[in-house]
Amino acid sequence: MAGEPQADCLFCKIVAKEVPATIVRETETTVAFRDINPQAPTHILVIPKVHHPDAASLGAAEPEIAADVLREVGVVAAEEKLDSYRTVFNTGSGAGQTVFHAHAHVLGGRGLQWPPG
């Protein structure tokens, strides 16, 4: 059920501290941690603590928490001293989503090309 922790979800396990992660920031509603397969010198994931399979589901069900995720993207980028960065929400396997828990990628620390991959 959306909003409830999922036993088979990697990110739910990170929120519950059952799986280690290099956490860079945590709030009441979000967790930000370094990606284990970074695609840029700075690659941090910002996730809601509640489970939703993707950003669209999160935004529809809990827009205030979706706003918290976006706010934290900016805070994390500032703390990482990123002058410019990219924020990416992948939705669906065809877009490259591999963990079906809503999350924002914060990528920076190098020039980023357009269009992306």
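Values below: all heavy atoms of this structure, side chains included; hydrogens, waters and symmetry mates excluded. Numbering of residues begins at 1 and proceeds along the displayed sequence.
- Between Ala102 and Pro48, the shortest heavy-atom distance links the atoms O-CD, 3.1 Å.
- Taking each heavy atom of Leu82 and Gly109 in turn, the nearest pair found is CD2-N, 3.7 Å.
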Original post:
side chain to side chain contact (heavy atoms under 4.5 Å, CB included) between Val46 and His105: does it pass, once the steps are laid out?
Top reply: CA-CA 7 Å; Val46 180; His105 296 259; over 6 Å; no
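- The hydrophobic cluster containing Val99, built from Ile/Leu/Val/Met/Phe/Trp/Tyr side-chain heavy atoms closer than 4.5 Å, also comprises Leu10, Phe11, Ile14, Val15, Val19, Ile23, Val31, Phe33, Leu45, Ile47.
- Within a 6.0 Å radius of CD in Glu28, other residues, nucleotides and ligands contribute 12 heavy atoms or fewer.
- Formation of a donor-acceptor pair under 3.5 Å by the Gln39 side chain with backbone atoms of Asn37 is found in this model.
- Residues satisfying the side-chain hydrogen bond (donor to acceptor under 3.5 Å, both in side chains) test with Asp68, not counting sequence neighbours, are Thr29, Arg71.
- Considering only residues two or more places apart in sequence or on other chains, Lys49 meets the side-chain hydrogen bond (donor to acceptor under 3.5 Å, both in side chains) condition with Glu26.
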**OP:** Please assess Arg25 against Val75 for the test side chain to side chain contact (heavy atoms under 4.5 Å, CB included), listing each intermediate value before the final yes or no.
**Re:** CA-CA 9 Å; Arg25 184 167 169 78; Val75 172; 3.2 Å; yes
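- For the side-chain hydrogen bond (donor to acceptor under 3.5 Å, both in side chains) with His101, the lone residue among His52, His51, Lys13, Gln6 that qualifies is His51.
- To the nearest 0.5 Å, atoms OG1 (Thr87) and CG (Leu70) are separated by 7.5 Å.
- In this structure, CZ in Arg34 is found 4.5 Å from CD1 in Ile44, a value given to the nearest 0.5 Å.
- A single hydrophobic cluster is not seen to contain both Leu107 and Val73; linkage of ILVMFWY side chains at heavy-atom distances under 4.5 Å, directly or through other members, places them apart.
- The shortest heavy-atom contact between Ala40 and Gly108 is CB-O, 3.5 Å.
- Heavy-atom minimum distance, Gln97 versus Thr91: OE1-CA, 3.4 Å.
- Residue Tyr85 comes nearest to Ala77 through the heavy atom pair CE2-CB, 3.3 Å, listed as atom of the first residue, atom of the second, then distance.
- Residues Val24 and Glu79 form no side-chain contact, since every pair of their non-hydrogen atoms from C-beta on lies 4.5 Å or further apart.
- Nearest heavy atoms, Leu58 versus Ala66: CD2-CA, 3.8 Å.
- Taking a 6.0 Å sphere around NZ of Lys81, one finds it holds 12 or fewer heavy atoms contributed by other residues, nucleotides or ligands.
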